[in-house]
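This report concerns only the one structure given below.
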Protein chains: 2
Amino acid sequence: MDTIGFEHHDHDACIDDGTAAVAAYCARNGLQFTRQRRRVLEILLEEHRALGAYEILDRLREEGLGSQPPVAYRALDFLTRHGFAHKIERLNAFIACTHMGENHAPAFLICRACSAVAETYADPSEGVLGRAAREAGFRIERAVIEAEGLCPNCRKERAG
Amino acid sequence: MDTIGFEHHDHDACIDDGTAAVAAYCARNGLQFTRQRRRVLEILLEEHRALGAYEILDRLREEGLGSQPPVAYRALDFLTRHGFAHKIERLNAFIACTHMGENHAPAFLICRACSAVAETYADPSEGVLGRAAREAGFRIERAVIEAEGLCPNCRKERAG
DNA sequence: CTTGATATGTTATAGTATTACATTTATCAA
DNA sequence: TTGATAAATGTAATACTATAACATATCAAG
Ligand SMILES: [Zn+2]
Ligand SMILES: [Zn+2]
Ligand SMILES: [Zn+2]
Ligand SMILES: [Zn+2]
């Protein structure tokens with residue numbers, strides 16, 4: 001399980017690889033990877049934490065790329081619709097995907113201390129939830145799975 | 001697994017039992033089960049779907065029990081803080097708990113067709129999510145688990 | 001080119017939630 | 001009973017999140 005977000009890593013590669021993967025995917029699938037969409041994705045890729053739409057909009061505004069809410073929300077809508085970014089419902093905020101292009105059922109680990117968010121995988125149709133759904137006759141189509149707690153770094157800090 | 005919410009059942013008992021259980025719990029634990037708190041709980045108990053804070057506020061206003069947002073949010077804060085109600089993050093809305101008083105890790109099944117919401121149980125530390133968290137060194141303290149799809153009733157309707 | 005679809009600019013507005021502070025009510029010890 | 005403290009409520013104002021609507025511009029395909 002590759003749960004990126006808490007460990008040290010080559011973060012420039014996150015940004016470059018993510019952008020490149022999305023560019024390629026869009027080219028292959030006839031999607032328009034416009035300047036705003038690309039920039040919003042880059043902004044998200046710059047951090048492994050979730051950003052609010054207005055936080056993103058502020059940066060766009062500074063760069064002269066747009067100043068009104070729909071600018072941010074439209075780009076985010078595009079990115080989330082195609083799985084390049086995810087909304088963290090608990091935070092009303094957005095984060096870049098770490099499994100670009102792969103068809104996946106994301107789940108998130110949110111650190112309450114440092115706000116880092118790691119994306120991981122949790123098939124909602126497995127485990128207790130899946131069983132409960134089947135027993136109830138409920139067909140799961142998608143699921144919001146967001147765990148909150150302490151990331152390894154913040155746990156060490158507290159212990160030390 | 002008792003996944004209340006989709007099946008036919010004695011719904012008056014839901015309301016009465018829920019209110020009684022909360023009243024008893026509050027009495028035992030020195031909590032003030034005030035008129036507003038009780039009324040908001042009753043409003044939530046009346047339906048097995050999630051209600052927005054302003055939807056609740058509208059009802060309170062009609063009944064002369066309050067007219068400003070904090071009235072609803074304070075009651076909801078009390079109810080959720082003690083586990084008598086839960087917030088459905090996906091819907092920005094609230095629902096009465098179906099396991100009053102029991103210490104539990106709730107998960108929800110949300111029907112996209114009829115908006116019914118059923119509460120069930122899913123220990124976040126089990127299964128794929130728990131394993132991913134342990135491997136990442138992340139300590140889960142709570143989790144938002146909200147599955148969306150079709151409830152048994154709406155599935156039948158579509159099939160028929 | 002032309003045409004239809006897609007994306008952007010912009011204004012306004014809807015929906016969700018909290019801050020702040022004055023007032024009232026409940027709790028509890030003296 | 002009373003006075004002190006804490007908890008809850010009343011109310012106005014504001015902050016934060018998200019979408020509707022419509023005009024304009026750009027793109028993709030024939
Ligand atoms: Zn992802
Ligand atoms: Zn942390
Ligand atoms: Zn519950
Ligand atoms: Zn349904």
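Chain identifiers are assigned alphabetically (A, B, ...) following the order of the sequence lines, protein sequences preceding nucleic acid strands; residue numbering begins at 1 within each chain.
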**Prompt:** Does OP1 or OP2 of C:dA7 have a side-chain N or O of A:Arg37 closer than 4.0 Å?
**Reply:** yes

**Item:** B:Arg49 side chain vs B:Cys114 backbone, donor-acceptor pair below 3.5 Å
**Value:** no

**Item:** Distance in Å, A:Arg38 CZ paired with A:Gln32 CD, rounded so as to fall on 0.5 Å steps
**Value:** 13.5 Å

**Request:** Please state how far atom CG in B:Asp58 lies from atom C1' in C:dG15, giving the value in whole angstrom units.
**Result:** 12 Å

**Complete:** Of the candidates C:dA7, D:dT11, C:dG9, the side chain of B:Gln68 sits closest to D:dT11

**Item:** Lys/Arg-Asp/Glu bridge criterion (N-O < 4.0 Å) met for A:Arg74, A:Asp77
**Value:** no

**Request:** Determine the contact category for A:Arg35: base if any of its heavy atoms lies under 4.0 Å from a base atom, sugar-phosphate if only primed atoms, P, OP1 or OP2 are that close, otherwise nothing.
**Result:** nothing

**Prompt:** Any Lys/Arg nitrogen of A:Glu46 or A:Arg39 sitting under 4.0 Å from an Asp/Glu carboxylate oxygen of the other?
**Reply:** yes

**Message:** Assuming nearest nucleotide by heavy-atom distance, tell me which of B:Arg74 and B:Ala93 is located more 5' along DNA chain C.
**Reply:** B:Ala93

**Request:** Rounded off to whole Å, could you give me the CD1-to-P distance for the A:Ile56 and D:dA18 pair?
**Result:** 10 Å

**Prompt:** In whole angstrom, what separates B:Leu91's CG from C:dT16's P?
**Reply:** 10 Å

**Message:** Heavy-atom nearest nucleotide on DNA chain C for B:Ala53 versus A:Leu31: which residue maps closer to 5'?
**Reply:** A:Leu31

**Asked** Should B:Lys87 be listed as having a side-chain N or O under 4.0 Å from OP1 or OP2 of C:dA17?
**Response** yes

**Message:** If the threshold is 4.0 Å, N to carboxylate O, is there a salt bridge linking A:Glu47 and A:Arg59?
**Reply:** yes

**Whole angstrom value for the distance that separates P of D:dG10 from CG of B:Leu65** = 8 Å

**Asked** Going from CD on A:Gln36 to CD1 on A:Ile43, what distance comes out if it is rounded to the nearest 0.5 angstrom?
**Response** 10.5 Å

**Complete:** Picking from C:dT8, C:dA17, D:dT9, the nucleotide nearest the side-chain atoms of A:Thr34 would be C:dT8

**Asked** Which one, C:dT16, C:dT10, D:dA18, comes nearest to the side chain of B:Tyr73?
**Response** C:dT16

**Request:** Take atom CG of A:Leu51 and atom C1' of D:dA18, then tell me their distance rounded to the nearest Å.
**Result:** 17 Å

**Prompt:** Under the 3.5 Å rule, do the base of D:dA18 and the side chain of A:Tyr54 count as making a donor-acceptor pair?
**Reply:** yes

**Fill in**
Regarding the side chain of B:Gln32, the nearest nucleotide among C:dT18, D:dG10, D:dA8 is D:dA8

**Prompt:** Would you say D:dA8 has OP1 or OP2 under 4.0 Å from some side-chain N or O of B:Gln36?
**Reply:** no

**Prompt:** Between A:Leu57 (CG) and C:dT8 (P), how many Å, whole number?
**Reply:** 14 Å

**Asked** Rounded to whole angstroms, how far apart are CZ on A:Arg38 and P on C:dT8?
**Response** 13 Å

**Request:** Have a look at A:Phe78 and say if it touches a base, only the backbone sugar-phosphate, or nothing, with a 4.0 Å heavy-atom cut-off.
**Result:** nothing

**Phosphate contact (D:dA18 OP1 or OP2) by A:Asn92 side-chain N/O below 4.0 Å** = yes

**Message:** In whole Å, I'd like the distance from the CG atom of A:Asn29 to the P atom of C:dT6.
**Reply:** 15 Å

